[in-house]
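Here the structure is laid out as structure tokens; the discussion comes afterwards.
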Amino acid sequence: MSDRKWWHGATGYQIYPRSFADSNGDGIGDIPGIISRLDHLEDLGIGFVWLSPVYASPMADNGYDISDYEAIAPEFGTMADFEWLVSEARARGIGIVMDLVVNHTSDKHAWFKAAKRTPGSNMHDFYVWRAPGLDGGPPDDQQACFGGSAWHFVPALGKYYFGYFSAAQPDLNWQNPALRAEIYAMMNRWYDRGIAGFRMDVISLIGKDIDARQHEEGPYLHKFLQEMTRETAAGRDIVTVGESWSVSTDTALLYCGRNRGELDMVFQFAHVKEGWDEDRGKYHPKPFDLVAFKKVFNEWQAALSEDGWNSLFLTNHDLPRHVSRYGNDGEYRVRSARAWATVLHLMKGTPFVYQGEEIGMTNIEFSRIEDFRDIETLGHYMEQMEKGVPFEEFLAGANANGRDNARTPMQWDAGQRAGFTTGDPWIAINPNHDTVNAASDKEDSNGVFQHYQRLIALRKSEAVVVDGRYTPFLKDHPTVWAYTRSLNGQRLAVIANLSDESTSLETPEDLHIEGGAVSWSISPRTEIGDRIDLEPWEAIAVLDGEFARVS
Ligand code: TEU
Ligand code: CA
């Protein structure tokens, strides 16, 4: 493919810096810690890291509340440490993709301080202000994502500002051209420091029309994204991925269509939301429905088959561990982690691995409110308690789908503090680190890590994994996921039993594949025939035909 970009065949790896590796024993992961673990990432074979925010921040939302876009948070290190990270990563063929959080800043950002101090200034207009409502209360009843009103009162000004996530995260006013110019200049300085791209936090919110209550996909969104790309990314060999909780297969190409001049990829969440109760939301997960889940992926594979490009992920720092959510984190932990990896990594798109996923890390179970750290979970707790919801009910929801599940420290070894820190970790370490840890898993040829290594290597070596057409089969089968990829006579067939029960089924002819001398398989089996028996969580992937190696 002539318009192949480096990130088409690469695999991303997300680091949540606070929870990855602590170099100085203060219990908080940091940049020197990341550098000390770069060999782990090189072994895995990844092409770039998406680094969750490391900028100066009061850490109300663990860095998604930035007080200075061009300083590193002292608990994470210094700008020199950051530059050292970029060069050490580059030496291993790994790019560093930064998190861009420009829907809002921290309320401690100099812009916001100036905005509060000088009401007539242009910086005041960098944020969104409204007079009180007729009753003297908030202008309207829009709610913040992390609880309470989205309007926050500043007594000295007698006005409210809009903070869609929390009071600590005032929204930027993208209508102001001077603000946009500041953001683009800041992005360019980061590109000039040698970063490989940006993951853009809640980027679908920047075009919002607050008075019309249209937050997602607002009327100005694509105009701003096109302007941003023109002013920053154009002519640079970088990757951009925009987070959008609202994008659908109908709107995806507006963001990442090849002639749009916007983003390279979007993170979409239809598969995540599919598992939430429609009315009651994320803390009320529905039983996992594989047929509906496959439907989402199949539709996205089809929608971006000719234009645009998919991102592929099952978990991140906001979601539960996918082995707990979609797999079996008990008896079949390793097998279910491998099966899900096979299904996800052999689809068309750029896969993202979230730290710990590559060793099959699981959710944690907390029993007390003091154990939780996340601003979203704690805001939800306050709201639930005010409504008189029993604590046990809150707890069940928070343990199932709360964001802290993904944020417990990376489990490097079986030692007392999992090799994460020598001090007191900022959040509890999962007690299962005595058995679930990188040191033991990496040794095991049937473990999770080596399986990810093989999948990532296959994407680098085989063009069909990158470019092959995706064709789904057995769409209505309740526990089996099956598809083929094909490119110029080369075929890859994948079939996986995503359940605890063995199963035996007839397979459609177009899924059949017979491994011969030129076959390659990710599992011991090299054949898919008319009838197939699959063990619990068994996944088979067979490649046949002429191998077209990616150069
Ligand atoms: O997340 C966007 C977002 O909407 C999530 O907070 C989401 O609503 C929630 O996890 C699911 O209910 C991004 C970041 O990924 C997240 O960590 C930040 O807290 C948020 O933006 C604000 O910057
Ligand atoms: Ca530290």
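Both ligands and their constituent atoms are indexed starting at 1 by order of listing.
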What N/O/S atom of [X] is the closest to the Ca ion (ligand 2)?
X: D22; value: OD1
X: D30; value: OD2
X: D26; value: OD1

For the pair [X] and [Y], name the ring-plane relationship: parallel under 30°, tilted 30 to 60°, perpendicular over 60°.
X: H317; Y: Y354; answer: tilted
X: W245; Y: F269; answer: parallel
X: H40; Y: W412; answer: perpendicular

### Message
In the structure I gave you, are the side-chain heavy atoms of I359 and M410 within less than 4.5 Å of one another anywhere?
### Response
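Yes, close enough: below the 4.5 Å cut-off.
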### Close side-chain approach of W50 to S52, heavy-atom, < 4.5 Å
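They are in side-chain contact.
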### Query
Does atom CE of M382 have more than 12 heavy-atom neighbours, drawn from other residues, nucleotides or ligands, at distances under 6.0 Å?
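No, the 6.0 Å shell around CE holds no more than 12 heavy atoms from other groups.
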### Heavy atoms of other groups near E370 CD, more than 12 under 6.0 Å
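Result for CD/E370: enclosed.
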### Task
Could you tell me whether K442 and E358 have a side-chain N and a carboxylate O separated by less than 4.0 Å?
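Salt bridge between K442 and E358, a charged N being under 4.0 Å from a carboxylate O: no.
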### Query
Taking NZ, NE, NH1 and NH2 as the nitrogens, is one of them in E376 or K282 under 4.0 Å from a carboxylate oxygen of the other?
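Looking at K282 together with E376, the answer is yes, because their closest N to O distance falls below 4.0 Å.
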Could you check [atom] against the protein and tell me its nearest heavy-atom contact, residue, atom and distance included?
atom: atom 3 (C) of ligand 1; result: W245 NE1, 3.6 Å
atom: atom 19 (O) of ligand 1; result: D61 OD2, 2.4 Å
atom: atom 11 (C) of ligand 1; result: K282 NZ, 3.4 Å
atom: atom 2 (C) of ligand 1; result: V202 CG1, 3.2 Å
atom: atom 15 (O) of ligand 1; result: D318 OD2, 2.5 Å
atom: atom 8 (O) of ligand 1; result: E376 OE2, 4.0 Å
atom: atom 6 (O) of ligand 1; result: R403 NH1, 3.1 Å
atom: atom 23 (O) of ligand 1; result: D201 OD2, 2.7 Å

### N24 atom OD1 and I28 atom O as seen from the Ca ion (ligand 2), angle to 10 degrees
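Between OD1 of N24 and O of I28, at the Ca ion (ligand 2), the angle is about 150°.
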### Query
What part of Y16 sits under 4.0 Å from ligand 1 if we count only heavy atoms: the side chain, the backbone, both or neither?
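No part of Y16 is near ligand 1 at this cut-off.
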I need the atoms of ligand 1 closer than 4.0 Å to a non-hydrogen atom of [X], numbered in the order shown.
X: H104; value: 22 (C), 23 (O)
X: E243; value: 1 (O), 2 (C), 13 (C), 15 (O)
X: R199; value: 15 (O)

### Query
Would you say ligand 1 has an N or O under 3.5 Å from any N or O of W276?
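No, there is no polar N/O contact under 3.5 Å.
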### Query
Taking the six-membered ring of W151 as reference, does the NZ or CZ atom of R130 fall below 6.0 Å from its centre and within a 45° cone about the axis?
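That pair does not qualify as a cation-pi contact.
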### Task
I would like to know whether Y55 and Y64 meet ring-ring contact (aromatic ring centres under 6.0 Å, His included); could you show each step before the answer?
CA-CA 9 Å; Y55 312 92; Y64 285 93; 9.5 Å; no
